[in-house]
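Working notes, beginning with the structure itself.
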2 protein chains.
Amino acid sequence: MSITIKYIAELAGTSIATVSRVISNDSRISERTRSKIIKIIVQHGYQPNLFAKGLASKLSYNIGVLLPNPAKNVNIHSLKAVRGIISQAKHHGYNVLLLTGNSEQDVLQSIESRYKGRSMDGLILFYTSDRDDVISYLNLSGIPFVLIGRNMKHADIHAVDYDQFQAAWDATHFLVQLNHQNIAILHGPEHVTIQSDRMKGYQLALQSSRIEPNPDWCIVVEKDEEDIIVWTWINSPERPTAIIVQDDDTALKVVRALAKLKLKVPDDVSIVSFSQDTMGELVSPSLTAVHTDSYSHGYEAASMLLQLLKGTRIESNRKILPHGIKVRESTRRID
Amino acid sequence: MSITIKYIAELAGTSIATVSRVISNDSRISERTRSKIIKIIVQHGYQPNLFAKGLASKLSYNIGVLLPNPAKNVNIHSLKAVRGIISQAKHHGYNVLLLTGNSEQDVLQSIESRYKGRSMDGLILFYTSDRDDVISYLNLSGIPFVLIGRNMKHADIHAVDYDQFQAAWDATHFLVQLNHQNIAILHGPEHVTIQSDRMKGYQLALQSSRIEPNPDWCIVVEKDEEDIIVWTWINSPERPTAIIVQDDDTALKVVRALAKLKLKVPDDVSIVSFSQDTMGELVSPSLTAVHTDSYSHGYEAASMLLQLLKGTRIESNRKILPHGIKVRESTRRID
DNA sequence: CTGTTAGCGCTTTCAA
DNA sequence: TTGAAAGCGCTAACAG
């Protein structure tokens, strides 16, 4: 049998209520009793039974984390963020419960059963475009939740992200500083919101340098279309000398596509990517990239959710985290 | 107030005990009552309160997953495996609780409090060399656990892995088939067990082809030493024409180091890596690699743990999963 | 400041 | 095949 609050109370010669109060840091307990009880607790390695606690308090002290959808969107970013979440959660006495699902049905049903079953008090999820309906569901259901990323359709939900507009602005500006005039931008079919934010940043940065954005160079890449896109460009009279790419994976594909056409990075074309990973550092050429600290995304998301759970007043629904630009080998100055 | 077993019982005109039995699939319930109750449960979307369940049954229906240590060893492999774990766990009505810790202290204390606090019934962990003491602790504590990977110091624990010996044998054999005679092997300071298994596979494969292993070419790489190693080699009269590298990250570093010496992959040197990731596919040159399905590692580990928890007799402590070799651009035949 | 006590929602004997 | 009732270990009024 494991050690219970009752046993501790007996040892301390108090009632279980007193022990309970000590555990929950109730202020109206004499220093004397408190220290006595704490000593006994430590001595015996007592750990409160979270189920009893949860049952009585109607709180699970679990927060759920919904992983991005299968394979494709599972990346190091999410893992690091999860670490941040765990760390923050632990700090506040919360555990982290992991959820996934192969279909939306599956996901919704997972969330519902965990929430109704009182297994989790709130949820953190990562943005991918197919989460739209999940978010609608969450909004309706009243489950407290925080999004890592941003969603245009649901602009007012609690979210943690970095400033995608500014990030794209910075990337563009950086290239302009290197004398690039012909700058293209490639982004994926997903991430509608991020896409449009980045697009605006890109366009405004160009305009502020008196460069007119070329609409042919703002391209949405369908899966595995990099070859075609690059092929089209190479035939255009004035081809881009620099490309801003949505993510590391796509950036690598673009490098490969360029290589097939005997174009070298950064000699012929410079590339800036949006990184979620340290991978960009290892490849050749290593990738100049806009990066942000995934761990702190998770940390801050958890922090926000915990505030929500505790009913603390939250200043703002959105928390913007800093980003930076890591200059590596894939970019060069042109004359 | 959420729906409880009591409410369902009232609606069904039975006692809560009966409802409970239906839920837990007790055999001695008339088909009539069973179907009636099930209907009501479904109709009302009733979800049992897991805390009450846990409290009464002394089972949490949670399995813990201890993530690999910070940053360095966090990779896509673990994330995919975690998905496999979740999937299997869900299948059996279990949830997945995530654990980490920044220090061993931290980890041990997390495990203990979760286990004692009845938050988890068992644990799955990933192998990294600094987990040795954690494993010793787990062995002592009696917590049911399964290792993903393998540990030499604790050979008899429950574990899921692929055959590292055979994998290295295959990699070596593959290179020999491509006429390589001078084959080196690079592995990290970590993963003692894996290392020695792979080493044996490498050596025996060479010997079976009547090639005498050159001890200078079996090298343990300290962190960020790739440059030096490659530098040493290049000065040796007969340099390796092929290198087997422990993981994708190191492989990329080796490619970079070689490039500094004007050696191209695969023209001058072929490389085979042990992959944990799809990254090897995207880089240039893409990496020929031994790969295994991370998802199923997680799935099988969870399956084993669940058997342990249910007290099912387990045939073997170790489960060996298949691996394969993906031939890509980093290897070529020599004449 | 501390003790008493009534639950929280479920499982599990023990009886019927 | 079903029901009654005693907990599981803790929280949170309420009372002192």
Side-chain angles (χ1 to χ4, degrees), chain A residues 1-38 40-41 44-62 93 95 113-121 310, chain B residues 1-38 40-41 44-62 93 95 113-119 121:
Chain A
M1 204 49 259
S2 54
I3 300 167
T4 68
I5 200 176
K6 190 173 159 198
Y7 180 63
I8 299 294
E10 278 167 12
L11 290 181
T14 67
S15 73
I16 60 168
T18 304
V19 177
S20 173
R21 286 183 187 114
V22 167
I23 291 168
S24 58
N25 258 303
D26 193 309
S27 56
R28 43 185 199 179
I29 286 279
S30 72
E31 203 37 63
R32 207 163 118 31
T33 359
R34 175 189 306 283
S35 61
K36 182 173 65 184
I37 291 177
I38 286 185
I40 296 177
I41 286 179
H44 294 258
Y46 163 71
Q47 295 288 349
N49 179 320
L50 296 184
F51 287 101
K53 187 172 174 178
L55 184 57
S57 68
K58 298 185 171 309
L59 277 178
S60 72
Y61 298 99
N62 278 167
N95 283 321
S113 77
R114 298 308 187 294
Y115 190 65
K116 281 199 183 169
R118 292 261 184 283
S119 294
M120 66 181 191
D121 302 335
K310 295 193 175 155
Chain B
M1 206 47 256
S2 54
I3 300 166
T4 68
I5 201 176
K6 189 173 161 197
Y7 180 64
I8 299 294
E10 277 167 14
L11 290 181
T14 68
S15 73
I16 60 169
T18 304
V19 177
S20 172
R21 285 181 187 117
V22 167
I23 291 168
S24 57
N25 257 304
D26 193 309
S27 56
R28 45 188 197 176
I29 286 279
S30 73
E31 201 39 61
R32 207 164 117 31
T33 7
R34 176 189 306 284
S35 61
K36 182 173 66 185
I37 290 177
I38 287 185
I40 297 178
I41 286 179
H44 293 257
Y46 163 71
Q47 297 288 349
N49 180 318
L50 294 184
F51 287 101
K53 187 173 175 179
L55 184 57
S57 68
K58 299 186 169 310
L59 277 179
S60 71
Y61 298 99
N62 277 167
N95 284 321
S113 76
R114 298 307 188 292
Y115 189 64
K116 281 199 182 168
R118 292 261 183 283
S119 294
D121 303 335

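Chain A is the first sequence line, chain B the second, and so forth, proteins listed ahead of strands; every chain is numbered from 1.
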When all nucleic acid strands are considered with a 4.0 Å heavy-atom cut-off, which category describes A:Thr33: base, sugar-phosphate, or nothing? sugar-phosphate
Mind checking A:Leu50 for me? I need base, sugar-phosphate or nothing, with any heavy atom below 4.0 Å counting as a touch. nothing
So B:Thr14, base contact, sugar-phosphate only, or nothing? Heavy-atom distance under 4.0 Å. sugar-phosphate
Can you tell which of C:dC10, D:dC8, D:dT11 lies closest to the side chain of A:Lys53? D:dT11
Given D:dT11, C:dG9, D:dT2, the nucleotide with the shortest approach to the side chain of A:Ser57: D:dT11
Does B:Tyr46 reach a base, just sugar-phosphate, or nothing at all? Heavy atoms under 4.0 Å. sugar-phosphate
Under 4.0 Å: is that the gap between some side-chain N or O of A:Ser15 and OP1 or OP2 of C:dG3? yes
Out of D:dC8, D:dT1, D:dC10, which nucleotide sits closest to the side chain of A:Ile5? D:dC10
Ignoring backbone atoms, establish whether B:Thr18 has a side-chain N or O less than 4.0 Å from OP1 or OP2 of D:dT1. no
Check every strand shown and say whether B:Ser20 touches a base, only sugar-phosphate, or nothing at a heavy-atom separation below 4.0 Å. base
Does a distance-only test, which skips hydrogens and angles, find a donor-acceptor pair under 3.5 Å between the side chain of B:Arg21 and the base of C:dT13? yes
What donor-acceptor contacts under 3.5 angstrom involve side-chain atoms of residues 44-56 of chain A, with partners at least two apart or in another chain?
residue: A:Asn49; atom: OD1; partner: A:Phe51; partner atom: N; Å: 2.6
residue: A:Asn49; atom: OD1; partner: A:Ala52; partner atom: N; Å: 3.1

Candidate nucleotides D:dA5, D:dT2, C:dC8, ranked by approach to the side chain of A:Lys58 - the nearest: C:dC8
From the candidates C:dT2, D:dT11, C:dC10, the one with an atom nearest any side-chain atom of B:Ala56 is C:dC10
Counting heavy atoms from C-beta on, name the nucleotide in D:dC10, C:dG9, C:dG3 closest to the side chain of A:Ala17. C:dG3
